[in-house]
Amino acid sequence: MAERRYDPHEIEPRWQELWARERTWEVSNESAGEELAELSARGALEQKSYVLEMLPYPSGEPHIGHLKTYSVGDAIAHYHRRMGRRVLHPMGYDSFGLPAENHAIKTGVHPRVSIAESIESFRRQFHSWGISIDWSRELATSDPSYYRWTQWIFLELFRAGLAYRKEAAVKWCPKDQTVLANEQVDAEGRCERCGCIVEVRQLEQWFLRITDYAERLLGDLDGIDWPEHVKTMQRNWIGRSEGAEVIFRCDELGIDYPVFTTRPDTLFGATFFVMAPEHPDVLRLASGTPNEQAVHDYVNRALNETNEERGNAERPKTGVPLGRTVVNPVNGEQLPMFVADYVLMEYGTGAIMAVPAHDERDYAFAKAFELPIRQVIAPRDGSEVELPYTGDGVIVSSHPEFDGMDNREALGAIVAWLDREGKGHASVNYKLRDWLISRQRYWGCPIPILYCERCGVVPVPAGQLPVELPDIEDYTPKGRSPLAAAEDWVNTTCPSCGGPARRETDTMDTFVDSSWYFLRYCDAHNDHAAWDPAALHEWMPVDQYIGGVEHAILHLMYARFFTKALADLGHLDFQEPFQSLFTQGMVTKDGAKMSKSRGNVVPPAAIVERVGADTARCYILFVGPPDQDADWSDEGVEGVHRFLGRLWRLSAETAGRAGGPSAGLEQPYAAGGEDLALLRKTHWAIDKVSGDLRRFAFNTAIAAVMELLNEVSRLRESASLEMMRFALGSAASLLFPFAPHVSADAYELLTGERVWEQHWPEADEALLEREVYELVCQVNGKVRDRVQASSGANAETLKELCRAAPNVRAHLDGRELVKEVVVPGKLVNLVVR
RNA sequence: GCGGCGGUGGCGGAACGGUAGACGCGGGGCCCUCAAAAGGCCCUGUCCGAAAGGGUGUGUGGGUUCGAAUCCCACCCGCCGCACCA
């Protein structure tokens with residue numbers, strides 16, 4: 001017969017059309033209905049699996065990172081399906097947000113229009129990659145049918161007191177003209193998005209009370225199967241510290257100033273007191289003192305500084321005395337007060353007790369201002385130490401009651417004393433801040449709140465949702481939301497008194513939209529509620545979540561917070577949204593991140609065009625462990641393409657020789673020889689790929705199928721046709737999660753059946769064992785020979801075999817045998833002197 | 001500074017404490033062909049050797065072990081978080 005060539009451009013669309021036509025990857029919620037009880041009674045209820053990749057932000061076209069994420073997720077989804085589980089594998093778009101809005105400002109094209117185009121492009125490409133998505137549940141966060149429920153959730157949080165409004169110093173991006181969350185400002189004080197230096201402004205803002213959940217967000221990390229480094233990042237971000245709140249009183253003004261400290265054991269070493277420039281009392285304290293003007297100037301300067309300047313711990317300490325004192329509650333000493341920018345308003349109470357002998361920053365400040373330094377902790381061995389000394393030891397020069405005590409014990413004792421005296425108490429502090437969700441932007445979910453002159457802040461009644469985003473002419477931000485210009489929309493009537501009211505014109509941070517989308521997929525078309533609890537009960541939590549590490553903190557923290565808050569409000573019956581998390585590495589080109597400016601972008605569409613989706617997907621998984629960064633190589637792609645071509649050609653050829661497909665894939669009997677060798681190799685591959693899939697080692701899984709194919713190729717002349725068919729069919733079956741089209745095609749050519757309808761193959765333990773194997777013979781740990789040994793041989797026999805091996809004898813010659821180590825099935829090591 | 005991850009051929013990467021370098025790329029040789037493309041077969045860490053074989057080899061230096069890329073200690077380098085958090 002004529003030789004046929006592997007043609008992905010013919011094969012791939014053919015299967016994609018079939019899957020689309022038959023809606024192969026759709027799953028219903030039926031088992032949540034009456035059937036459930038019946039099925040479960042019969043024990044016939046299939047186990048569910050919710051496999052989810054982070055939803056894409058639809059901007060332009062998908063990039064290679066998307067290809068990697070969905071290749072990983074699809075492999076897992078397919079594997080779970082073929083292990084007999086009902087798999088939910090949906091897709092949606094995170095379609096609100098700045099890129100579309102900035103594009104609109106530049107081109108005048110409405111974000112709704114440009115987003116629709118991008119979504120279409122993403123959808124088309126996902127189809128062309130053959131990702132097994134349940135398209136019936138597709139959603140976009142900017143669709144009113146979705147954000148209606150984002151608003152509903154906001155109102156639920158509002159009712160529960162978890163959404164609140166307050167004036168706050170906020171990070172403001174002068175270029176994007178919007179408020180940013182703390183998390184969106186980098187260490188240098190630059191806007192995460194545009195890179196310009198962020199300013200500070202005072203504005204009334206909406207916050208979500210995520211800090212109420214700090215303890216649970218921290219504690220519940222222990223129960224979920226996430227990469228350790230992601231958990232660590234979350235723990236650091238929450239930043240829990242145990243210590244005490246201690247009250248320092250300013251007698252002159254009669255005001256108590258609590259401070260948070262992790263080291264109440266050093267209280268007797270406090271020699272001064274420092275407040276953050278943002279502290280609301282700083283100006284009042286200085287007023288009427290000779291330092292009033294100096295304090296005023298210092299505060300002004302500090303507030304105008306960028307985080308970049310202020311955040312630098314290296315620079316010399318600056319500050320100004322306030323001209324007042326506070327009382328140290330443990331010894332009644334008057335401590336001078338200062339304002340200094342090394343104290344942060346956003347942590348603790350915005351004021352600190354300074355213990356220069358035992359804190360590096362306080363030490364630097366004391367040195368710069370020639371303040372007293374009093375050592376109150378000394379090393380246990382009585383040795384002299386250089387100050388500041390931040391280690392543990394014994395209490396000295398403090399109080400007879402505590403002197404000589406271990407400082408860690410004294411810590412508790414001092415807190416207990418403070419508590420008794422009403423001057424302090426044990427306390428826990430977190431770095432985590434409440435989540436600022438207000439954005440002075442157009443393209444976001446409107447906050448469903450009205451301001452009425454008579455009734456004040458009024459939530460929009462649920463029946464009036466969604467508060468739809470009106471069309472406007474000018475998206476340019478001018479320090480307030482562009483929505484403020486839509487007068488017809490802004491001015492409305494108060495639902496409670498009927499009087500005039502104005503709408504909130506800020507929109508929500510897009511992280512709000514993506515904090516609950518995984519819930520909506522479970523019941524994507526529900527018009528009466530955000531979801532039917534039965535649907536969530538059926539699918540949640542997500543069994544396997546997949547995405548980039550860049551979301552390790554924000555998105556994952558927010559989604560966990562939403563889940564817990566909604567559970568507390570009685571809407572969910574689970575505490576964690578993502579049971580298991582996999583974070584995939586970046587795809588680089590020539591070792592560098594792909595970017596337009598570098599000109600090293602490899603668009604997936606171009607690769608698919610050249611070699612097909614199967615090759616692209618397979619290569620990206622083959623190039624290295626998927627959790628690590630991988631460098632794209634055009635030559636490497638060719639290697640995978642050749643491999644897929646070989647699989648297909650050998651399958652077509654074998655099917656041709658057999659006169660067409662036979663029904664199914666029966667394992668033929670192999671008496672011995674090449675047939676048995678090929679059968680064993682096949683079972684080895686089944687075993688290897690199954691194990692590798694469970695541990696996300698897709699690179700070695702694909703390598704194993706390559707090995708199997710190499711073996712098929714080597715034995716093609718000598719093995720029986722039936723064994724060839726079995727080996728190739730198994731190879732196609734094992735490769736299906738990574739390269740679905742060519743695998744489905746090869747499988748059909750060989751068997752006439754649909755590979756995705758077949759249960760995942762199982763390795764036969766008996767065939768994994770070998771009758772004979774190559775025994776490695778070592779002398780003093782060095783390999784000197786290899787001999788054939790039978791699997792049943794006992795230790796004595798193995799030792800004898802080893803001693804008899806020709807090259808071993810040469811190395812044994814005339815030397816004393818001290819020890820013999822036998823590792824059955826592997827090696828014998830003879831130790832000689 | 002703190003926390004995490006990593007360092008293996010020319011390259012990407014494999015290796016439950018047990019044959020280091022699977023698989024792929026690149027390179028070399030050969031077959032098929034009038035020629036090419038496509039495909040197929042063989043070799044490929046390094047040094048000595050015609051070969052058999054031997055030495056050497058997983059960032060550096062020690063240690064544990066019959067045996068270490070793997071475990072322990074110290075150090076060097078790289079990447080990623082966090083960072084004046086009291």
Side-chain angles (χ1 to χ4, degrees), chain A residues 3 5-6 187 227-237 239-241 243 259-263 266 274 276 310-315 317 340-344 346-355 358-362 364-365 429-433 549-550 552-553 585-586 591 619 622-625 627-640 642-643 645-646 649 688 697 699-710 713-714 716 774-786 806-807 810-811 818-823 825-832:
Chain A
E3 177 140 333
R5 280 181 69 166
Y6 166 53
E228 208 42 55
H229 69 278
V230 175
K231 288 190 185 182
T232 304
M233 278 193 245
Q234 293 223 341
R235 286 190 191 107
N236 291 345
W237 195 259
R240 182 183 199 275
S241 304
V259 303
F260 174 75
T261 177
T262 54
R263 296 296 303 275
T266 64
V274 192
R310 255 189 86 171
N312 184 3
E314 302 303 310
R315 74 171 184 169
K317 294 280 177 286
D341 66 5
Y342 81 93
V343 174
L344 309 172
E346 60 263 26
Y347 185 76
T349 60
I352 62 153
M353 65 167 200
V355 185
H358 304 292
D359 181 282
E360 283 170 27
R361 299 149 299 176
D362 296 346
F365 190 86
N429 219 308
Y430 302 92
K431 282 195 239 176
L432 186 70
R433 304 275 66 118
V549 238
E550 63 271 21
I553 298 174
M586 247 185 352
Y619 171 71
F622 174 70
V623 68
D627 57 331
Q628 282 168 37
D629 288 353
D631 204 59
W632 185 269
S633 138
D634 289 332
E635 294 76 39
V637 172
E638 291 306 322
V640 171
R642 278 196 286 272
F643 158 63
R646 220 142 52 96
R649 255 182 292 107
K688 174 79 176 143
N699 53 332
T700 51
I702 293 166
V705 183
M706 287 176 172
E707 275 197 65
L708 173 59
L709 196 69
N710 288 345
S713 198
R714 238 188 319 274
R716 65 205 290 190
E774 202 169 60
L775 180 73
V776 169
C777 305
Q778 296 182 333
V779 178
N780 284 349
K782 286 189 196 294
V783 181
R784 294 304 181 185
D785 219 329
R786 295 174 170 88
N807 202 40
H811 283 88
V818 218
K819 190 170 181 179
E820 293 168 307
V821 182
V822 180
V823 184
K826 291 265 185 198
L827 55 80
V828 174
N829 186 16
L830 304 179
V831 186
V832 297

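Each chain gets a letter, A, B and so on, in the order its sequence line appears, and its residues count up from 1.
Per the geometry, CG belonging to A:Leu827 stands 19 Å off P belonging to B:A15, to the nearest Å. For A:Asn780 and B:U65, the CG to C1' distance is 13 Å, given to the nearest whole Å. Following rounding to the nearest Å, A:Lys688 (NZ) and B:C16 (C1') show an atom-to-atom distance of 11 Å. For A:Asp631 and B:G10, the CG to P distance is 18 Å, given to the nearest whole Å. At whole-Å resolution of the value, CD in A:Gln628 and P in B:C11 are 17 Å apart. Atom P of nucleotide B:G18 and atom CG of A:Leu830 are separated by 19 Å, given to the nearest angstrom.
Not one side-chain nitrogen or oxygen of A:His811 sits closer than 4.0 Å to the OP1 or OP2 atom of B:G53. In terms of phosphate contacts, A:Arg784 brings a side-chain nitrogen or oxygen within less than 4.0 Å of OP1 or OP2 of B:G54. Of the side-chain N and O atoms in A:Arg646, one or more sit less than 4.0 angstrom from OP1 or OP2 of B:G40. At least one side-chain nitrogen or oxygen of A:Asn699 sits closer than 4.0 Å to the OP1 or OP2 atom of B:A14. Between A:Thr232 and B:C82 there is no side-chain polar atom (N or O) within less than 4.0 angstrom of OP1 or OP2. Under 4.0 angstrom from either OP1 or OP2 of B:G24 there lies at least one side-chain N or O belonging to A:Asn710. OP1 or OP2 of B:G18 has not a single side-chain nitrogen or oxygen of A:Lys826 nearer than 4.0 Å.
Considering only side-chain atoms of A:Met233, the nucleotide from B:G81, B:C82, B:A86 that sits closest is B:G81. Nearest nucleotide to the side chain of A:Arg716, out of B:C23, B:G40, B:C25: B:G40. For A:Ala703, counting side-chain heavy atoms from C-beta on, the closest listed nucleotide (B:G4, B:A22, B:G24) is B:A22. Among the nucleotides B:A86, B:G18, B:C23, the one closest to any side-chain atom of A:Glu707 is B:C23. If you check B:A86, B:C84, B:G26 against the side chain of A:Arg315, the one that comes closest is B:C84. Checking B:C84, B:G53, B:C23 against the side-chain heavy atoms of A:Asn807 singles out B:G53 as nearest. Closest contact between the side chain of A:Arg5 and the listed nucleotides B:A38, B:G39, B:A86 involves B:A38. Among B:C66, B:G81, B:G26, the nucleotide with an atom closest to any side-chain atom of A:Ile553 is B:G81.
Remark: A:Tyr342 pairs with A:Phe365 by the ring-ring contact (aromatic ring centres under 6.0 Å, His included) rule, at least two apart or across chains.
Of all nucleotides present, none satisfies the Watson-Crick or G-U wobble test against B:A14 with each distance under 3.5 Å. For B:G61, the paired base is B:C73 (Watson-Crick or G-U wobble, both distances below 3.5 Å). In this structure B:C32 sits in no base pair that meets the Watson-Crick or G-U test at under 3.5 Å. When both distances must be under 3.5 Å, the Watson-Crick or G-U wobble mate of B:A52 does not exist.
Between B:U44 and B:G10, the distance separating the two P atoms is 15 Å to the nearest Å. Taking the P atom of each, B:U58 and B:U19 are spaced 15 Å apart, rounded to whole Å. With C1' as the reference atom, B:C77 and B:G61 are 15 Å apart, rounded to whole Å. For B:C42 and B:C23, the P atoms lie 12 Å apart once the distance is rounded to whole Å. Nucleotides B:G62 and B:C76, compared at atom C1', are 15 Å apart to the nearest Å. If you take atom C1' in B:G18 and the same atom in B:G4, they sit 31 Å apart, rounded to whole Å. Rounded to the nearest Å, the gap between the C1' atom of B:C47 and that of B:G40 is 34 Å. Look at the P atom in both B:U56 and B:G1: the space between them is 39 Å, to the nearest Å.
The shortest side-chain heavy-atom distance between A:Asp341 and A:Arg315 falls under the 4.5 Å cut-off. In this structure, A:Arg642 and A:Glu638 have side chains that are in contact, with non-hydrogen atoms separated by less than 4.5 Å. Side-chain atoms of A:Lys431 and A:Trp237, non-hydrogen and from C-beta on, never get closer than 4.5 Å to each other. Between A:Lys688 and A:Leu708, every side-chain heavy-atom pair lies at or beyond the 4.5 Å cut-off.
To the nearest 0.5 angstrom, A:Asp359 atom CG is 9.0 Å from A:Arg263 atom CZ. From A:Met586, atom CE reaches atom CG of A:Asp631 across 10.0 Å, with rounding to the nearest 0.5 Å. Interatomic distance, A:Ile702 CD1 to A:Glu707 CD, rounded to the nearest 0.5 Å: 13.5 Å.
Looking at heavy-atom distances under 4.0 Å, A:Asn829 makes contact with a base. Here A:Arg235 lies out of heavy-atom contact (under 4.0 Å) with every strand. Heavy atoms of A:Gly639 sit under 4.0 angstrom from primed sugar atoms or phosphate atoms, though from no base atom. Nucleic acid contact for A:Val637: none, since no nucleic acid atom lies under 4.0 Å from a heavy atom of the residue. In this structure, A:Lys782 reaches the sugar-phosphate backbone alone: every heavy-atom distance under 4.0 Å involves primed, P, OP1 or OP2 atoms, never a base. Heavy atoms of A:Val831 sit under 4.0 angstrom from primed sugar atoms or phosphate atoms, though from no base atom. At a threshold of 4.0 angstrom between heavy atoms, the contacts of A:Asp341 include nucleobase atoms, whether or not backbone atoms are also involved. Counting non-hydrogen atoms under 4.0 angstrom, A:Val783 reaches the backbone sugars and phosphates but no base. The residue A:Gln778 sits close to a base: some heavy atom pair falls under 4.0 Å.
Side chain A:Asn236 to base B:C82: no donor-acceptor pair is found below 3.5 Å. Below the 3.5 angstrom threshold, one finds no donor paired with an acceptor across the side chain of A:Lys431 and the base of B:C82.
Side chain of A:Asn780 to backbone of A:Val832: a donor-acceptor contact under 3.5 angstrom is found. No side-chain donor-acceptor contact under 3.5 Å links A:Asn429 to the backbone of A:Ser241. When atom types are taken as modelled, the side chain of A:Asn807 and the backbone of A:Asp785 share no donor-acceptor pair closer than 3.5 angstrom.
With a glycosidic angle further than 90° from 0, B:G24 counts as anti.
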Short N/O separations, protein against nucleotides 44-52 of chain B, under 3.5 angstrom:
none

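The residue among A:Ser633 and A:His229 whose nearest nucleotide of RNA chain B is located toward the 5' end is A:His229. Comparing A:Phe622 and A:Pro625 by the nucleotide of RNA chain B whose heavy atom lies nearest to each, the residue mapping closer to the 5' end is A:Pro625.
Within 6.0 Å of CD in A:Glu360 there are 12 or fewer heavy atoms belonging to other residues, nucleotides or ligands.
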